[in-house]
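Working notes, beginning with the structure itself.
In each ligand, atom 1 is the first atom listed, and ligand 1 is the first ligand listed.
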Amino acid sequence: MPRPQPTGGSPGTLTGASRFTPRLEMRPFRRRDLDALVDAAADSLSDLSKWLPWAHSGYGRRDALVFLRDSVSAWGEGRAFDFTIRYLDRPGFHVGNVSAWFISRQSRVGEVGYWIRSSETGKGVATEATARILAVAFDELRLHRVVLRIAVGNRGSERVAEKLGFTREGLLRQELQVNGVWMDHSIWGILEEEYRNLRPEYADEGWLTA
Ligand SMILES: CC(C)(COP(=O)(O)OP(=O)(O)OC[C@H]1O[C@@H](n2cnc3c(N)ncnc32)[C@H](O)[C@@H]1OP(=O)(O)O)[C@@H](O)C(=O)NCCC(=O)NCCS
């Protein structure tokens, strides 16, 4: 494919306002989230390290601080948008992360990713938070297509993609190295039109505030 040329028009950027679901608040990170983030990561490292390259066994305050700094600048630059997920009734407790970022601004293609604190998995948090981030991706960033990459074997994450109506589109061989091992990833996609058709079902499931 030839190198893309500018065609005018660009996808949107995001305000730093909180986004809500019936159970959750999602907002940009602040420096003072450091302790809550370190706690959540420490409680979850054995699960996260199976799938996520950054979640090495020595992950600690310094790594979390590097992430927070990058997260704040990425948001400011309109490069990527990380949200801390909080329960409405427990705002000081970091439940997990959900993010959206651009793959191609020109083609209006983006990606989403997430992780949930181990003690809070199995409660529908990833699905609910990601449903809300898809609204951000399509309504606010004006994306046309959103993808998710999932390591082969990560059945929990595949279920999240399935419940949200993503289509499994193919296999990316040796896409990412985790713990020194190259792992195949499946790629899943959802188009704007599909999201618009599914949105009433998301609301019926209770994932979106009406
Ligand atoms: C994968 C992850 C995000 C799921 O978060 P969650 O909040 O538990 O997700 P939800 O509760 O919304 O949905 C999980 C679904 O997967 C299912 N599931 C979880 N583990 C499973 C497993 N090992 N086998 C089969 N199904 C599984 C759950 O039963 C649920 O499906 P259901 O609603 O049909 O019962 C979380 O476990 C996590 O953060 N894992 C580590 C990091 C990670 O994998 N991030 C994603 C990278 S792509």
Original post:
At a 4.0 Å threshold, what atoms of ligand 1 neighbour a non-hydrogen atom of T121?
Top reply: 8 (O), 36 (C), 37 (O)
**OP:** Distance to 0.1 Å, residue and atom name: give those for the protein heavy atom nearest to atom 42 (C) of ligand 1.
**Re:** L48 CD2, 3.7 Å
**OP:** Tell me which part of K163 gets within contact of ligand 1: side chain, backbone, both or neither, using heavy atoms under 4.0 Å.
**Re:** side chain
**OP:** Pick whichever of G156, S118, G96, A129 has a heavy atom sitting closest to atom 21 (C) of ligand 1.
**Re:** G156
Original post:
Are D139 and R19 close enough for a salt bridge, meaning some N to O gap below 4.0 Å?
Top reply: no
Original post:
Under 3.5 Å between some N or O of ligand 1 and some N or O of Y114?
Top reply: yes
Original post:
Which part of K123 is near ligand 1, with near meaning a heavy atom under 4.0 Å away: side chain, backbone, both or neither?
Top reply: backbone
Original post:
Among E192, E194, E169, which one satisfies salt bridge (Lys or Arg N to Asp or Glu O under 4.0 Å) with R145?
Top reply: E169
Original post:
Is atom 37 (O) of ligand 1 close to the protein, meaning a heavy atom under 4.0 Å from it?
Top reply: yes
**OP:** Could you tell me whether R105 sits above the aromatic face of F102, with NZ or CZ closer than 6.0 angstrom to the six-membered ring centre and within 45 degrees of the axis?
**Re:** yes
**OP:** Number the atoms of ligand 1 from 1 as they appear, then name those within less than 4.0 Å of a heavy atom of R155, with their elements.
**Re:** 22 (C), 24 (N), 25 (C), 26 (N)
Subject >> Separation between CG of L198 and CZ of F166, rounded to the nearest 0.5 Å >> reply: 10.0 Å
**OP:** Determine, step by step, whether S99 and W101 satisfy the side chain to side chain donor-acceptor pair (under 3.5 Å) criterion, reporting the C-alpha distance in whole Å, the side-chain angles of both residues, the deciding distance to 0.1 Å, and the verdict.
**Re:** CA-CA 7 Å; S99 307; W101 63 96; over 6 Å; no
**OP:** Return the option from S157, G153, A126 holding the heavy atom at the smallest distance from atom 5 (O) of ligand 1.
**Re:** A126
Subject >> atom 2 (C) of ligand 1: any protein heavy atom closer than 4.0 Å >> reply: no
Subject >> Salt bridge R159-E162, side-chain N to carboxylate O under 4.0 Å >> reply: yes
Original post:
Aromatic rings W115 and W54: how do their planes relate, parallel, tilted or perpendicular, breaks at 30° and 60°?
Top reply: tilted
**OP:** List every atom of ligand 1 that sits less than 4.0 Å from any heavy atom of G124, numbering the atoms from 1 in the order shown and giving each element.
**Re:** 10 (P), 11 (O), 12 (O)
**OP:** Check whether any heavy atom of E158 sits under 4.0 Å from an atom of ligand 1.
**Re:** no
**OP:** Answer yes or no for atom 40 (N) of ligand 1: protein heavy atom present at a distance under 4.0 Å?
**Re:** no
Original post:
Taking heavy atoms and a distance under 4.0 Å, where does V160 meet ligand 1: side chain, backbone, both or neither?
Top reply: side chain
Original post:
Which protein heavy atom lies closest to atom 8 (O) of ligand 1, and at what distance to 0.1 Å?
Top reply: G122 N, 2.7 Å
**OP:** Before giving the answer on side chain to side chain contact (heavy atoms under 4.5 Å, CB included), spell out for L24 and R86 the whole-Å C-alpha distance, their side-chain angles and the decisive distance to 0.1 Å.
**Re:** CA-CA 6 Å; L24 308 172; R86 306 290 169 115; over 6 Å; no
Original post:
Backbone, side chain, both or neither: what part of L148 comes under 4.0 angstrom of ligand 1, heavy atoms only?
Top reply: neither
Original post:
What do the steps show when you test S118 against D47 for side chain to side chain donor-acceptor pair (under 3.5 Å), and what is the final call?
Top reply: CA-CA 7 Å; S118 293; D47 290 322; 2.5 Å; yes
**OP:** From the options L176, N154, D47, select the one whose nearest heavy atom is closest to atom 47 (C) of ligand 1.
**Re:** N154
Original post:
Hey, are R132 and E128 close enough for a salt bridge, meaning a charged N less than 4.0 Å from a carboxylate O?
Top reply: no
Subject >> Side chain, backbone, both or neither: W51 near ligand 1, heavy atoms under 4.0 Å >> reply: side chain
Original post:
Should E120 and R117 count as an ion pair when the cut-off is N to O under 4.0 Å?
Top reply: no
Subject >> Those residues that, when tested against Q177, pass side chain to side chain contact (heavy atoms under 4.5 Å, CB included) (two or more places apart) >> reply: W182
**OP:** Mark the output for R149 as yes if a heavy-atom distance to ligand 1 is under 4.0 Å, and as no if none is.
**Re:** yes
**OP:** State the atoms of ligand 1, each with its element, that fall below the 4.0 Å cut-off from a heavy-atom position in T127.
**Re:** 10 (P), 12 (O), 13 (O)
Original post:
Is a salt bridge present between D89 and R23, judged by a nitrogen-to-oxygen distance below 4.0 Å?
Top reply: no
Subject >> Residue, atom name and distance, where the atom is the protein heavy atom closest to atom 16 (O) of ligand 1 >> reply: R159 CB, 3.2 Å
